[in-house]
Each structure stands twice: as C-alpha cells, then as structure tokens.
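What follows is a set of notes on a single structure, which appears directly below.
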2 protein chains.
Amino acid sequence: MNTHITSLTIGAVAKRVGVAIDTIRYYEREGLLPEPLRRASGYRSYDEGAVRQLRFIRRAKDLGFTLEEIRDLLALSADRHRGVKAVKKRAQERLAAIDERIAELTRVRNGLEQLVEACPGHGSPEQCPILRALVDEDAQS
Amino acid sequence: MNTHITSLTIGAVAKRVGVAIDTIRYYEREGLLPEPLRRASGYRSYDEGAVRQLRFIRRAKDLGFTLEEIRDLLALSADRHRGVKAVKKRAQERLAAIDERIAELTRVRNGLEQLVEACPGHGSPEQCPILRALVDEDAQS
DNA sequence: CTTGACTCTAGACCTAGATCAAAGGTCTAG
DNA sequence: CTAGACCTTTGATCTAGGTCTAGAGTCAAG
C-alpha cells in the first residue's frame, strides 16, 4: 500500500517495467499511454499509475493481444461495470483465435512428422518423402 | 508424363501456381527462383520446371519454413544423395520449432482460459480476474 | 564547474514477405 | 490497325512493433 507521491523519469519507468525507453514513447504516440506530466525542463514525469498501465500493456501483449486490441481493453477497463462484459468477450475471442492457431499448427506439425518419419535420411532425392511432398502434388498425404 | 516443351509467360505461371506475378519476380530477386530465359522482347519465359520449383516453395512455406530456409532446402535438394540427410535434419528442426510454438501457445491458452472461466462477466472491474491479472502482478495464477 | 549520464524531438530505419505505382514496351484478337 | 491485356523496370509502400540517429538540452555527483 505504498501510495506516496512518486515522480519517475522515463528511464526509471523503463527499468522498472523492463521495457525500452523508446517503446514507452512509442506507446504514448500510439495512444496506449496517456501523455504524462512534464517537468519544467520538458522531461516526462511518471507516477505509479503509469507503471501499472505499462505492465498491463505488457501482460496483455504476452497473452497475444495486439496493440490495437490492448488500446480497446484499456478503454474498456476504464468503464466501471459495463466494461467487464466487453473485456470478457475480448478474452474469449482471443482464446478462440489461439485455439484456431494451435489447431492449424498441429495440422502442419502432424503432416511434417509423417514426412520426417518416412524419410530414411539417405539415398536419392527421389526417394525422400520430404522432397517428394514438396515437389509432387500427389505425394501429399 | 507430359514433358513436351512449354513456354509460359510469368502471368501463366502465376495463374497455374496461384501466386501473384509480383511474388514470382520477388522470389527471383531473392534467389529462390533461377533467372528464366527471356524472349526477344524481354518477357520472362518459363518451363514446367519453374512451375514445379515454385510449387515447392509454396508448400515449404505452408509448412512454416521461412524463405531463407527454403533457399537452403532448394540447394540441398539439388545435391543428389548427400542432400537427403540435411533435408531431413532441417525438417526435424522445423518440427521441433513448431512443437515449441504449440507448447508456448498452449500455456498462454490455458492461462487465458482460467481467467475467462473465473470472470463473471459483470460487476466492477476490481472483481474481474482478467483485468486484475493484467493490472496486478500477484493476481497471476 | 565539469563530466558523464540522461532526456528531448523529429524523423529515418529495421524485419519479412510481399504488393503497388508509374511510365513505357509488347502481344493478340477482331 | 487498334484496343486492351500483358509484360518490363525501378523504386515506393505496407503491416507491426518497435529501434536508432542526430543534435541539442538537462541533471546529479564530485
């Protein structure tokens, strides 16, 4: 519960969150982070809220959300009550997209595995099922 | 076994393989396709071998190989005998990379699923496990 | 006060894999 | 012969998510 007033430079924020300074400025340009206060010198001045928001962005990115989707999530999370429903919907959509991607990769994976297993690893290229599958239409499983 | 002499324009090749004309020229620039013969007019003149090679590239790409890896595969496939071993090795590496990617996606997927299941879909943002997980470090499973 | 680390802006550049535009030459059906 | 489809080149543009540069100003330690 350490809510004392802090004033962090962009470098300090970057270090805390583990992200590059340029990335923070980039997120600001892209509307993912609000424009921070400025010192007299023009230096950006951040507080803990900015650190939290930046961590939010990074975690959402780790879950595979695009920056555009994250912008949307941030807007929704600011909407007390009504936002929750929409956030859940976005998460479900993301989950479905991941499932689809996994299924697709699994299909490719299994096809490739069959080829690898069938390949003796020596002999002429004509006998290699991997090369045959790549060259001949009809050699596909 | 239709190996009669054919001469195809780039457009005809593109249509047969189902790829854009620009993509064929791009592959040529990138060294994935040999420079074709030219008519007196300068038009590229392709034969069935080029069509086969282009299909090879497309199939390999569908299996998740990058264009750089495909360049390598093409070189290997030209090596009668010794190439087969290396091709199998590349395919095994590709398979391992896909497995790793699937495992990673599955981890993310399961984490996200838990959050979705725990979210009531209404109420205040503080009660939404999805938002909590994104905001708070310690709310992570 | 000096030095070195930090920050500012605007804008260029990067990867991968294409895709498009402009300005012009060629080919073919009618 | 002409319309219109097709082809040529060079070079720019796109997506996504940053990363880097130059030139200038600021801050903190000693």
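Numbers restart at 1 for each chain; the letters A, B, ... are given by sequence-line order, proteins then strands. Fair warning: this is a prediction, and the values are worked out from it, not measured in the lab. Just so it is clear, the values below take in all heavy atoms, side chains as well, and ignore hydrogens, waters and symmetry mates.
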Value in whole Å for how far the [atom2] atom of [N] lies from [atom1] of [X]:
X: A:Leu8; N: C:dC6; atom1: CG; atom2: P; result: 15 Å
X: A:Glu28; N: C:dT9; atom1: CD; atom2: C1'; result: 12 Å
X: B:Leu37; N: D:dT8; atom1: CG; atom2: C1'; result: 17 Å
X: A:Glu35; N: C:dC8; atom1: CD; atom2: C1'; result: 14 Å
X: B:Ile24; N: D:dC6; atom1: CD1; atom2: C1'; result: 13 Å
X: B:Arg44; N: C:dG25; atom1: CZ; atom2: P; result: 18 Å
X: A:Glu30; N: D:dA16; atom1: CD; atom2: C1'; result: 9 Å
X: B:Arg38; N: C:dG25; atom1: CZ; atom2: P; result: 17 Å

Hey, what are the protein-to-nucleotides 11-15 of chain C N/O distances that come in under 3.5 Å?
none

Looking only at side-chain N and O atoms, does [X] come under 4.0 Å of OP1 or OP2 in [N]?
X: A:Tyr26; N: D:dA16; result: no
X: A:Arg71; N: D:dA16; result: no
X: A:Thr9; N: C:dT7; result: yes
X: A:Thr66; N: D:dA16; result: no

Item to check | Residue closer to the 5' end of DNA chain C, B:Asp22 versus B:Glu68 (nearest nucleotide) | outcome: B:Glu68
Give a yes or no answer on whether the side chain of [X] reaches the backbone of [Y] with a donor-acceptor pair at less than 3.5 Å.
X: B:Arg25; Y: B:Ile10; result: no
X: B:Glu93; Y: B:Lys88; result: no
X: A:Arg109; Y: B:Asp99; result: no
X: A:Glu69; Y: A:Thr66; result: yes
X: B:Arg80; Y: A:Pro125; result: no

Candidates [options] - which lies nearest the side chain of [X]:
X: B:Ala20; options: C:dT7, D:dT9, C:dT19; answer: C:dT19
X: B:Tyr27; options: C:dA18, D:dT19, C:dC8; answer: C:dA18
X: B:Ile21; options: D:dT19, C:dC8, D:dC7; answer: D:dC7

Is there any protein nitrogen or oxygen under 3.5 Å from a nitrogen or oxygen in nucleotides 26-28 of chain D, and what are the pairs?
unit_1	atom_1	unit_2	atom_2	d
D:dT26	O4'	A:Tyr43	OH	3.4
D:dT26	O2	A:Tyr43	OH	3.4
D:dC27	OP1	A:Ser41	OG	3.0

Item to check | C:dG30 - base-pair partner by Watson-Crick or wobble geometry, distances under 3.5 Å | outcome: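 C:dG30 is paired, partner D:dC1.
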Checklist outcome for this item: Using Watson-Crick geometry (N1-N3 plus N6-O4 or O6-N4) or G-U wobble (N1-O2, O6-N3), each under 3.5 Å, C:dC13 is paired with D:dG18
Item to check | For A:Glu113, the option from A:Val116, A:Leu115, A:Asn110 that meets side-chain contact (heavy atoms from CB on, under 4.5 Å) | outcome: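 So, applying the side-chain contact (heavy atoms from CB on, under 4.5 Å) to A:Glu113 and each of A:Val116, A:Leu115, A:Asn110, only A:Asn110 qualifies.
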Checklist entry - Given A:Glu48 and A:Val51, is the side-chain contact (heavy atoms from CB on, under 4.5 Å) satisfied, shown in steps? => result CA-CA 5 Å; A:Glu48 291 294 338; A:Val51 171; 4.1 Å; yes
Checklist entry - Closer to the 5' end of DNA chain D via nearest nucleotide, is it B:Gly42 or A:Leu67? => result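 Nearest nucleotide further toward 5': that of B:Gly42.
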Next on the checklist: What's A:Arg25 touching, base or sugar-phosphate or nothing? Going by heavy atoms closer than 4.0 Å.
Outcome noted: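 A:Arg25: base contact, heavy atoms under 4.0 Å.
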Next on the checklist: Walk me through whether A:Arg101 and A:Glu104 qualify under salt bridge (Lys or Arg N to Asp or Glu O under 4.0 Å).
Outcome noted: CA-CA 5 Å; A:Arg101 182 75 185 123; A:Glu104 190 184 329; 3.2 Å; yes
Checklist entry - Any side-chain donor-acceptor pair under 3.5 Å between A:Arg58 and A:Tyr27? => result no
Next on the checklist: Do the side chains of A:Glu35 and A:Arg44 get close enough for a salt bridge, i.e. N-O under 4.0 angstrom?
Outcome noted: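 Looking at A:Arg44 together with A:Glu35, the answer is no, because their closest N to O distance does not fall below 4.0 Å.
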